[in-house]
Enquirer: 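Got a structure here, written out as structure tokens. Questions coming.
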Amino acid sequence: RFCSFCVVPYTRGSERSRPVRNILTEVHRLASQGFQEITLLGQTVNSWQDPREQVITFTDLLRRIAEVEGIRRIRFTSPHPSEFHPDIVEVIETVPEVCNHIHLPLQSGATTVLRRMRRDYTREEYLQKVELLKQSRREIALSADIIVGFPGETQAEFEDTLSVMELVRYDSIFSFKYSPRPGTAAFAFPNMISDEEKSRRLQVLQQFQRKIQLEKHASLVGKEFEVLVDGRSQRDVEVLSGRTSQNKIVNFTGPSELSGQFVQVRVVGYSPNSLQGELVQC
């Protein structure tokens, strides 16, 4: 895809998919080395198609990886909204190894801006995809990318983005000021937004999301989660840190030998970006 703000197609070339045999060979090798979590990474990862075996789909690939002995978690990022279909929700519901977290880039909540961005979905179509997730039998966390200050973005269009955030209530977001990239279509667009105004909008958006994350994290106090310990807390080297299957960061006190292991943790506190927990069992 050639979104008008994105330089990736020009620097990385056209979309291409790795053969399923190569992927599974790599997964088996990693599993034999003790790795338990696999991440499939692609700019539009859910449009993957095996170039050699035309019958296999992206969700078939997820199921095949889940069958590999030793693999306990599978993540993938980032799916494109236009290729996001009910079969992805179904595989999350039925295959426990597939993590219940989706990063579904929004970019803007205004259809008019999405058209200028060359995003081939509307606000309404995006919200329909979100509804698929909200109706799932398994609770699925949702994150997104959002750009503020795209050329010509009005205050009303910016507020359309805030209204989508209120409707969706993301678990987390990655938010950015629009940054012109030479060679992209948007680089020559008129009505550039001043950096001062872009900064103001970004601050408003981030404060809005901070409130949502605090409310969501407060509702998790007292609940228990399985956490894969992946190291030390960034703020306190005496504290361990790990992630739930919903990709939520949990910090808790525990022995260093737990690194790389799955443990059960109870949430006892929270901040906007992480949870505080206590070890329930090793």
Enquirer: Ion pair present between E93 and R138, side-chain N to carboxylate O less than 4.0 angstrom?
Expert: no
Enquirer: Can you sort out the partners of S143 under side-chain contact (heavy atoms from CB on, under 4.5 Å), two or more places apart, ordered by chain and number?
Expert: H101, H103, S172
Enquirer: Can you list every pair that meets ring-ring contact (aromatic ring centres under 6.0 Å, His included) and has a residue in residues 232-253, with sequence neighbours left out?
Expert: none
Enquirer: Would a 4.5 Å heavy-atom cut-off, applied to side chains only, mark L127 and L167 as touching?
Expert: yes
Enquirer: I'd like to check the side-chain contact (heavy atoms from CB on, under 4.5 Å) partners of S47; sequence neighbours left out, ordered by chain and number.
Expert: E15, T44, E83
Enquirer: Return each pair, listed once, that meets side chain to side chain donor-acceptor pair (under 3.5 Å) where at least one residue sits in residues 29-42; pairs must be two or more places apart or across chains.
Expert: E37-R75
Enquirer: Working note: S175 + Q206, criterion side chain to side chain donor-acceptor pair (under 3.5 Å); need CA distance, chi angles, decisive distance, verdict.
Expert: CA-CA 7 Å; S175 51; Q206 290 177 342; 3.0 Å; yes
Enquirer: Quick one: do K134 and E131 make a salt bridge, cutoff under 4.0 Å?
Expert: no
Enquirer: So, K211 and E215, do they make that salt bridge, N to O below 4.0 Å?
Expert: yes
Enquirer: If you round to the nearest 0.5 Å, how far is CG of N100 from CD1 of I92?
Expert: 7.5 Å
Enquirer: Roughly how far apart are R1 CZ and S14 OG, rounded to 0.5 Å?
Expert: 13.5 Å
Enquirer: Taking only Lys NZ, Arg NE, NH1 and NH2, and the carboxylate oxygens of Asp or Glu, determine whether E139 and K216 approach each other closer than 4.0 Å.
Expert: no
Enquirer: Is there a side-chain contact between F176 and L202 (heavy atoms, below 4.5 Å)?
Expert: no
Enquirer: Applying a strict under-4.5 Å side-chain criterion to I, L, V, M, F, W and Y, I'd like to know whether V204 and Y170 cluster together.
Expert: yes
Enquirer: Report the residues that fulfil ring-ring contact (aromatic ring centres under 6.0 Å, His included) with F5, sequence neighbours left out, ordered by chain and then residue number.
Expert: none
Enquirer: Any chance you could lay out the side chain to side chain donor-acceptor pair (under 3.5 Å) test for N22 and T25, step after step, and finish with the verdict?
Expert: CA-CA 5 Å; N22 293 7; T25 296; 5.7 Å; no
Enquirer: Can a salt bridge be assigned to the pair R18 and E26 using a cut-off of 4.0 Å between side-chain N and carboxylate O?
Expert: yes
Enquirer: When you compare the side chain of I146 with that of M165, does any pair of heavy atoms fall below 4.5 Å?
Expert: yes
Enquirer: When rounded to the nearest 0.5 angstrom, what distance separates CD in E157 from CG in L114?
Expert: 9.5 Å
Enquirer: Please determine, by modelled atom types, if Q209 and Q213 share a side-chain donor-acceptor pair under 3.5 angstrom.
Expert: yes
Enquirer: Take S163 and R123 through the test side chain to side chain donor-acceptor pair (under 3.5 Å) and record every step on the way to the result.
Expert: CA-CA 11 Å; S163 70; R123 168 195 174 98; 2.9 Å; yes
Enquirer: Identify the two heavy atoms, one from L240 and one from R232, that lie closest to each other, and give their separation to 0.1 Å.
Expert: CD2-NH1, 3.6 Å
Enquirer: Quick one: list whatever passes side-chain contact (heavy atoms from CB on, under 4.5 Å) with R64, sequence neighbours left out.
Expert: L24, I56, E67
Enquirer: Less than 4.0 Å between a side-chain N and a carboxylate O, is that true for R201 and E196?
Expert: no
